[in-house]
Number of protein chains: 2
Amino acid sequence: MLSTDELALLEAIRESGSLSRAAARLGKAPSTVSYAARQLEARFDALLFDRRRYRLQLTPAGHLLAQEAARLMQDVSRLTQRVKQVAGGWEDRLWIVTDEILEFDTLIPVIRSFDALKSGVTLRITHEVLGGTWDALRDGRADLVVGATNEPPVIPGLRWFELGVMDWVFAVSPKHPLAKAKEPLERATVIQHRAIVVADTSRKTDVRGYGVLGGQPKLAVPRMRAKIRAQCEGLGVGWLPRDRVAGLIKRGDLIEKKTVDPREPNLLYVAWRGDHQGRALEWWLAQLQNKRLASRLVRGVEVDATL
Amino acid sequence: MLSTDELALLEAIRESGSLSRAAARLGKAPSTVSYAARQLEARFDALLFDRRRYRLQLTPAGHLLAQEAARLMQDVSRLTQRVKQVAGGWEDRLWIVTDEILEFDTLIPVIRSFDALKSGVTLRITHEVLGGTWDALRDGRADLVVGATNEPPVIPGLRWFELGVMDWVFAVSPKHPLAKAKEPLERATVIQHRAIVVADTSRKTDVRGYGVLGGQPKLAVPRMRAKIRAQCEGLGVGWLPRDRVAGLIKRGDLIEKKTVDPREPNLLYVAWRGDHQGRALEWWLAQLQNKRLASRLVRGVEVDATL
DNA sequence: GAACTCGTTCGAAGAGATCGAACATGTTGT
DNA sequence: ACAACATGTTCGATCTCTTCGAACGAGTTC
């Protein structure tokens, strides 16, 4: 509805303050510009040029058109670039959902590498807790899921591979009553103490945590890092990723306790829908198959007691 | 960069699943549509149509273009309407800033009347406290100011008229120690009690209220209604608009006290920059010159103790 | 296998855009 | 006051782009 030539015409008139000078600037005859100006006024059914004085000028409506059309032209440019990108096999956008179990920071180097490709693909990374990652994939709210726990559910076209194995340790603060309790800890002993669980508090989800016993009081916190901090402070008990608290256990800031009911290590998955797979998704899958990166993701960032 | 005809072409192909049917739908020859399709592909430098099968289809890039172009076309339509509106003498948008002293609710009927004009002018109404209304006008953050207090400052092109006069009453809760104090209240007596002031708490503005004595402790609240409530609850003292608390005083929920230092009534102003005055501004000025409306604005909404 | 449909090619025709020349009008410099 | 220059419009000629019908090759349907 407005070509780059027409926008250029408006801008040339605005900047030069004259139709003749605008024509010279555009390398066109004054009659060409005059004709095009009248065409624009007919098309918009509005007076865009003030011809009452010696020199033609933009009216307020003309100024508005020039200004807003420039912005629209930017939108068109961005769209043109996106169209070429999709035509080139890239996705328009890629939605990645990670389990909260993984630390976002560990993905930063991968994001930087992806940025360096200058693909133009809009990236969005969010996280879910518990079964949320699979739900996101099923509902089309994710193109790629990283670090999903539980067995992969039945989703048409679902493809996946294992990212790694996460080992757990039941740990309490030296200040916690269970620190001195006799091992292995009985269910009845554990259930008397509040469990610290990770929950997405932005959602009013049913707060169920891994390894939490029925009827056990709980404190929900938003991130794994917060859970580790809370347990260090003796606010409750629970299972923690072994690698992330190794230093804390070594320093005595957390005490590992054996339990009658041990927790099996978790298999973490990378999963995606196979039905539409563009170059961005393929790039990310190739990265995630790299064993060193996978290991860094699964091990996470070790938590320091002093922070 | 994309005409309505081109968008229509994309949509016809998408909906009919065939170039020939699209041509029929558009009332054009198939060769015309074929030519235009190739023009589009050249212009976007991208494969928009898949010709490998018997019938032509949109590629993912073609789908993206059709989808996003429809949204862009809506933006263009809206721009076209705005251009006509400005060409017709209306503003593109009107920014009204009121003093917090006025109650927003009293403007609702005027807004409704303005909406009924179907001018297309985007209205934005915000409020400021203290000298903020004049600042907003000077800084170009307001086209029209309603209920400004203080003498109009020196602003080039400033025009104004009086909206009305707001009378004040110094009032305290029956529960407040000053309720039984001997009248007229001395400065030394008043200063010992916390003042309730109205401040725009979204801004870290210097909290200075009207009729607040130097060195007097203060409680800042966001609206006049909140100040009235706070004083009813005995949380502090201060001047209140007489009309808004008339019922509360009558019922004994607030006690009027005479003071040695009385507060003069405030002149409230309507002000605007005269240098660019469109039909929307003119309409609002005409409304505000209506004495009944002006009176309703100045008197405000009486506060009920039970709320 | 005939009849029909699809999309492309190509030359002709139609429509729109561009230009130069001429003109009326306003501004600037002497 | 007037010549020289600048501005924007008008108009017919020309150029460029778009549209179409006819013909064609290839695929689908009955």
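Numbers restart at 1 for each chain; the letters A, B, ... are given by sequence-line order, proteins then strands. This one's a predicted model, so the numbers in the text were calculated from it and none came from an experiment.
Taking the side chain as every heavy atom from C-beta outward, A:R93 and A:L123 never approach each other to under 4.5 Å. Side-chain contact between A:T149 and A:L268: present, with at least one pair of heavy atoms (C-beta onward) separated by less than 4.5 Å. Side-chain contact check for A:I96 versus A:D143: every heavy-atom pair is 4.5 Å or farther apart.
Atom pair A:L40:CG and C:dG16:C1' shows a separation of 15 Å (rounding to whole Å applied). Across the protein-nucleic acid pair, A:D5 atom CG and C:dT18 atom P stand 7 Å apart, rounded to whole Å.
A donor-acceptor distance shorter than 3.5 angstrom exists from the side chain of A:T80 to the backbone of A:V76, with no hydrogens or angles considered. For the pair B:R273 (side chain) and B:L158 (backbone), a donor-acceptor distance under 3.5 Å is absent.
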* Starting at the 5' end of nucleotides 4-17 of chain D, put B wherever the base has a protein heavy atom under 4.0 Å, S where only the sugar-phosphate does, and a dash everywhere else. => --BSSBBB-----S

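Between the side chains of A:Q81 and A:R78, at least one donor N or O lies within less than 3.5 Å of an accepting N or O. Counted by atom type alone, A:S77 and A:Q74 present zero donor-acceptor pairs between their side chains at under 3.5 Å.
Inter-axis angle, ends of the helix from C:dG1-D:dC30 to C:dT30-D:dA1, five pairs per end, rounded to 10 degrees: 30°.
Between D:dT18 and B:T32, no contact under 4.0 Å exists linking OP1 or OP2 to a side-chain N or O.
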What side-chain donor-acceptor pairs closer than 3.5 Å can you find for residues 280-298 of chain B, not counting sequence neighbours?
from	atom 1	to	atom 2	distance (Å)
B:N290	OD1	B:R292	N	3.1
B:N290	OD1	B:L293	N	2.9

